[in-house]
Structure formats: structure tokens, C-alpha cells
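Only one structure is covered here, and it is reproduced in the block below.
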Amino acid sequence: MMGLIENRDAQFMLLAGFIIGIGLVITTVMLNSVIFEGNMAVGAGTEPSKNDIINLIQITNDETRAAYRNAINISVPTSLMIADFTRQTQNFSDNLSTIYALHGEGVNLSWDVSNWNNDIYPYFTDNGTAGGSANWTVIQNVKDSDIIVNITTFGGSFNITLINSTTDWINLTSTGNFTFKKTSVQPYSIVFINGMNNAGKFKITGNTSDGKAFIRARDYILYANETFSTSRMRADFTIPISVPW
């Protein structure tokens, strides 16, 4: 068992090192999801590498979501799920710090799981926060879908709109669990309308018009607190991460 763990750690370190080495081609829109909380002290003529920070954000998003999905994969009390999640993310943090240290950079991570621990559910906005976009497209080019919505806080009319050449409105007007299905020869988009006043969970599964299976789901918003530093600068920031997807 120890050998398997060591092999897994070694594989992760090689993979993450490769990702950091070649860089990820990610649009700068990713940076808009980051809440910068602290001061960024930059030495003369030195600026933080945008690519380094984007890479760090992407890796942290992916590993946080994977750890959450692993933790909830078995039926145990929430406290044990969170403990499992913490073990996984701490292992990831330790490995990542080691990799960045080899490049002369420092990374420290911690996670705020209070929303999960206290069953505080996200808004139905694009990023799950109160300040997110209230009207947004969840997915396009859908052939068939199963939509499950659990509204825990109701603050006004919330609509799920299915749009192609026609528009189907699903108007939700109370708390509770709701399930819908739709299959269409003509591809359609799934759009959330007025998501800012309502909170809860959703899960949407199905297939696109080109036959690819998809899943869109959100249980909670977790926060990764990160410090990225070099010999000349330091950046502190917080990433809101939608889990499980």
C-alpha cells in the first residue's frame, strides 16, 4: 500500500512538473474568478507571471474537485467526508510546494470548507456567489438532459429556460426538489434566469447533439486560499471553486 501511495505521489509530481514546465493555454478569463484579498508586493522591474498564476489556479481547481468527488463517493457522515477531503488536499499541497520550490518559488495553500460543513448552499448564479451573473448559459448544444434542482433558499422567481427555435420556460416558485427531462431533435441550450435570489444545488446530465455525455453540477462553493511568492514578489489570493464540477 505504501508503495502505491509513493508511486501515486511520484506520478503526480512528474505530471504537475510537466504542466508547470510547458504552461497551460488558458484564457485570462480565469483570472476574473479570483478574489484578490491581500497586498501584492513587487520588486522594481519585476511583475508576477500571469501564466504561473493561471496554471496554479487551474491545477488547484482540478485537484479540489477531484478530492471532493472522491470524498463523497462513499456513504459516511459529512465530518468523515471532510476529513478525507482534507487528507487529499494536504497531500496535494505538500507535493505542489515541493515542485514549486525546485523552481525557486513558494506556494502555500489552505481550504475553507465552512460552506460544506454548515450546509450553506451556493446561489444559482454563474459562479455560485451573490455577485455572480444572474442570467447565464449552463450548457449549449444539448440533445437530451435530466435536470435535478434542489432549492433550499427561495427569494423570487427562478427560471430554467430551454432554448432552440422555441423557448420552454420552467418556472420554479418555491423551495423543494424538482426533476425535469427533455429530449429534442433540434439542439437546445439550458439557461438559468434570476439565479441571484435563490440558493441550492443542481445536477444536469445528458448528451450533446454530437453524442458526448456531459455533467454539470454544483453542491457547494469551497475556497482555496493561496500564497504565491518568488524572491521579488508575493501574491495572496482566494479562489472560489464550485464542486463537484
When [X] is tested against each of [options] for side-chain contact (heavy atoms from CB on, under 4.5 Å), which residue passes?
| X | options | value |
| --- | --- | --- |
| T64 | F92, Y223, W111 | W111 |
| F180 | D146, I148, I170 | I170 |
| L172 | N198, N194, V149 | V149 |

Would you please say whether a donor-acceptor pair under 3.5 Å links the side chains of [X] and [Y]?
| X | Y | answer |
| --- | --- | --- |
| Y220 | D119 | yes |
| E226 | T238 | no |
| W136 | T125 | no |
| S165 | Q186 | yes |
| D219 | Y68 | yes |
| N171 | S157 | yes |
| N159 | T161 | no |
| N141 | S209 | yes |

Going only through I, L, V, M, F, W and Y residues with side-chain contacts under 4.5 Å, is there a path from [X] to [Y]?
| X | Y | answer |
| --- | --- | --- |
| Y121 | I204 | no |
| F124 | L162 | yes |
| I193 | F158 | no |
| I82 | V76 | yes |
| I74 | V243 | yes |

Closest approach of [X] and [Y], non-hydrogen atoms and distance?
| X | Y | answer |
| --- | --- | --- |
| N127 | I221 | O-CD1, 3.3 Å |
| A134 | M196 | CB-SD, 3.3 Å |
| T183 | D144 | OG1-CB, 3.5 Å |

Should [X] and [Y] count as side-chain neighbours, where that means a heavy-atom distance under 4.5 Å?
| X | Y | result |
| --- | --- | --- |
| T175 | T152 | no |
| W169 | I163 | no |
| I151 | F178 | yes |
| T227 | R234 | yes |
| N207 | K212 | no |
| R65 | S242 | yes |
| I72 | W116 | yes |

S97 side-chain N/O to S93 backbone N/O, donor-acceptor pair under 3.5 Å | yes
Find the distance between [atom1] ([X]) and [atom2] ([Y]) and round it off to the nearest 0.5 Å.
| X | Y | atom1 | atom2 | result |
| --- | --- | --- | --- | --- |
| S145 | I160 | OG | CD1 | 9.5 Å |
| T137 | Q140 | OG1 | CD | 5.5 Å |
| K203 | T179 | NZ | OG1 | 11.5 Å |
| W245 | N61 | CH2 | CG | 13.0 Å |
| L109 | T89 | CG | OG1 | 9.0 Å |
| I120 | N115 | CD1 | CG | 5.0 Å |

Pick out which of N118, N117, D112 makes a side chain to side chain donor-acceptor pair (under 3.5 Å) with S114.
-> D112
Can you name the residues that form a side chain to side chain donor-acceptor pair (under 3.5 Å) with Y123, not counting sequence neighbours?
-> none
Which residues share a side chain to side chain donor-acceptor pair (under 3.5 Å) with N108, sequence neighbours left out | none
is_close_aromatic(F192, F202), centroid dist under 6.0 Å = yes
Give a yes or no on whether a salt bridge exists between D168 and K182, defined as a side-chain N under 4.0 angstrom from a carboxylate O.
-> yes
